[in-house]
Amino acid sequence: MQFNDIDFVIIGAAKSATTWLQKQLQSDPGVYMPDPELHYFSREYARGQDWYLSQFDTDPAARTVGEKSNSYLYSPEAAARLHRHLPNVKLVAQLRNPVERAYSGYCMLFRRGEVGSDITSYLDPATSENMQLLGSGNFAEHLKPYIELFGQERLLVLFFEGVMGNPDAQMALVRSHLGLPSRPLASEGGGKVKDKTVPLVPPILRKRLAWMKPLARPLRGTPAFESMRGLIARRVQYPPLTEDLRKRLNDYYSPSIEALERISGQSLRHWYGPTA
């Protein structure tokens, strides 16, 4: 493997069904993507190019090769490094209503027990100190270095609604951008990739039982393990996103959404409606 064997990179965004894109592409025998997000050009650059290239266990001459790392979208250093090593690579960004993305990100952290139930303290633009949750949705700003370095023609900008509304057409756009022939949608990739409604062992109890992980790991998936887990797992009750907080978030993201409309050439007026 060499850098010039890599044909495409999905750069983000997080919480925008990019794993669905990855699974659809991986279902094609003519495409190779490593399973984990490598984060090489953002977080793992110090590991060196030998480590990065060793993650691609494939014959590049026989397949279209790519990777997905959502952290690339949020890292200006990643854009510069990608251009340095992969100047001709094709890029894909799939984006989501930033209000919904911020709420989804909050729910993920709440599910993990990393944030509390006072949702306003995390998502109110006027008071929140968690700029990772809020700033990640300023997509136009994050795309700017990629457009400046690679040009608009190498970047395909997609939206989450395409996956929900017309997944076949969404994948057709991706495959066309990557120079891949038409292919039916893979049924195994058609459902939800991650489901936040799945019952979960409460965070406090997970911490208390952490010492048991090595012992329980071989039993995962067995009827006995799942039966025992079902006794203590609970469906998570997420704090709701109120209409008032949604409006404040819409006002906060409005300039970025308008800039994204200019970049993508698509109207995003529906992003100002109520969130799901």
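Looking only at atom types and distance, the side chain of Ser75 has no donor-acceptor partner in the side chain of Ser42 under 3.5 Å away. Between the side chains of Asp7 and Thr64, no donor N or O sits under 3.5 Å from an acceptor N or O. With 3.5 Å as the limit, one finds a donor-acceptor pair spanning the side chains of Glu67 and Ser69.
The CZ atom of Arg246 sits 9.5 Å away from the OG1 atom of Thr242 when rounded to the nearest 0.5 Å. Rounding to the nearest 0.5 angstrom, the gap separating the CD atom in Glu77 from the OG atom in Ser71 is 11.0 Å. With rounding to the nearest 0.5 angstrom, the CZ atom of Arg96 is 7.5 Å from the NZ atom of Lys15. Distance CG/Asp118 to CZ/Phe110: 11.0 Å, rounded to 0.5 Å. How far CG of Asn138 is from CG of Leu143: 11.0 Å, rounded to the nearest 0.5 Å. One distance of note links CG of Asn4 with CG of Leu86; it measures 8.5 Å at 0.5 Å rounding.
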query = Does the side chain to side chain contact (heavy atoms under 4.5 Å, CB included) test come out yes or no for Leu249 and Leu241, once each step is laid out?
reply = CA-CA 10 Å; Leu249 284 166; Leu241 180 65; 4.1 Å; yes
request  = Report the C-alpha separation of Tyr238 and Arg111 in whole Å, then their side-chain angles, then the decisive distance to 0.1 Å, and conclude whether the side chain to side chain donor-acceptor pair (under 3.5 Å) test is met.
outcome  = CA-CA 8 Å; Tyr238 299 97; Arg111 183 178 176 86; 3.2 Å; yes
inquiry  = Determine whether Thr19 and Lys68 satisfy the following criterion, side chain to side chain contact (heavy atoms under 4.5 Å, CB included), listing intermediate values before the conclusion.
reply    = CA-CA 8 Å; Thr19 301; Lys68 175 184 80 77; 3.6 Å; yes
key: Worked verdict on Val31 versus Leu178 for side chain to side chain contact (heavy atoms under 4.5 Å, CB included)   = CA-CA 10 Å; Val31 176; Leu178 301 184; over 6 Å; no
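Nearest heavy atoms, Leu185 versus Met171: CD1-CG, 3.5 Å. Pairing each heavy atom of Gly66 with each of Phe56, the nearest pair is O-CE2, 3.6 Å. When every heavy atom of Glu261 is checked against every heavy atom of Leu268, the shortest pair comes out as OE2-N, 2.7 Å. Smallest separation of non-hydrogen atoms from Tyr253 and Ala102: OH-CB, 4.0 Å. Nearest heavy atom pair, residue Leu134 against residue Pro125, reads CD1-CA, 3.8 Å. Gly137 approaches Ser256 most closely through the heavy-atom pair O-OG, 4.0 Å.
Annotation: side chain of Phe139 is in contact with side chain of Arg101 (closest heavy-atom distance under 4.5 Å). Side-chain contact check for Val92 versus Val9: every heavy-atom pair is 4.5 Å or farther apart. Annotation: side chain of Leu53 is in contact with side chain of Ile6 (closest heavy-atom distance under 4.5 Å). Taking the side chain as every heavy atom from C-beta outward, Leu25 and Leu180 approach each other to under 4.5 Å. Side-chain contact check for Asp35 versus Gln26: some heavy-atom pair is nearer than 4.5 Å. Residues Gln94 and Gln170 form a side-chain contact, since some pair of their non-hydrogen atoms from C-beta on lies under 4.5 Å apart. Annotation: side chain of Tyr40 is not in contact with side chain of Leu82 (no heavy-atom distance under 4.5 Å). Contact annotation: the side chain of Asp124 never approaches that of Ile119 to less than 4.5 Å [non-hydrogen atoms, C-beta and beyond].
A side-chain donor-acceptor contact under 3.5 Å links Lys90 to the backbone of His177. Side chain of Ser136 to main chain of Gln132: a donor-acceptor pair is present (N/O by atom type, distance under 3.5 Å, no hydrogens or angles). Not a single donor-acceptor pair under 3.5 Å links the side chain of Arg183 to the backbone N or O of Arg175. Between the Gln22 side chain and the Met33 main chain, no donor and acceptor come within less than 3.5 Å of each other. In this structure, the side chain of Arg63 engages the main chain of Pro29 through a donor-acceptor pair within 3.5 Å. A distance-only check finds no donor-acceptor pair linking the side chain of Ser16 to the backbone of Thr18 [under 3.5 Å]. Ser176 contributes no side-chain N or O that, together with a main-chain N or O of Leu173, makes up a donor-acceptor pair within less than 3.5 Å. Between the side chain of Asp5 and the backbone N or O of Gln2 there is at least one donor-acceptor pair closer than 3.5 Å.
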Acceptor/donor pairs from residues 146-166 side chains to any protein atom, 3.5 angstrom cut, sequence neighbours excluded:
unit_1 : atom_1 : unit_2 : atom_2 : d
Tyr146 : OH     : Tyr72  : O      : 2.6
Gln152 : NE2    : Ile263 : O      : 2.9
Arg154 : NH1    : Asn88  : O      : 2.6
Glu161 : OE2    : His270 : NE2    : 3.3
Glu161 : OE2    : Trp271 : NE1    : 2.5
Asn166 : OD1    : Ala169 : N      : 3.2

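Classified by interplanar angle (parallel below 30°, tilted 30° to 60°, perpendicular above 60°), the ring pair Tyr74/His142 is perpendicular.
Remark: aromatic rings of Phe41 and Tyr52 are close, center separation under 6.0 Å.
With respect to Glu141 and Lys144, no salt bridge is recorded, no charged nitrogen being found less than 4.0 Å from a carboxylate O.
Heavy-atom contacts from other residues, nucleotides or ligands closer than 6.0 Å to CG of Asp57 number 12 or fewer. Within a 6.0 Å radius of CD in Glu114, more than 12 heavy atoms belonging to other residues, nucleotides or ligands are found.
The cationic group of Arg81 lies under 6.0 Å from the six-membered ring centre of Tyr45 and within 45° of the ring axis, placing it in a cation-pi geometry.
With sequence neighbours excluded, the residues forming a salt bridge (charged side-chain N to carboxylate O under 4.0 Å, His left out) with Asp251 are Lys247, listed by chain and number.
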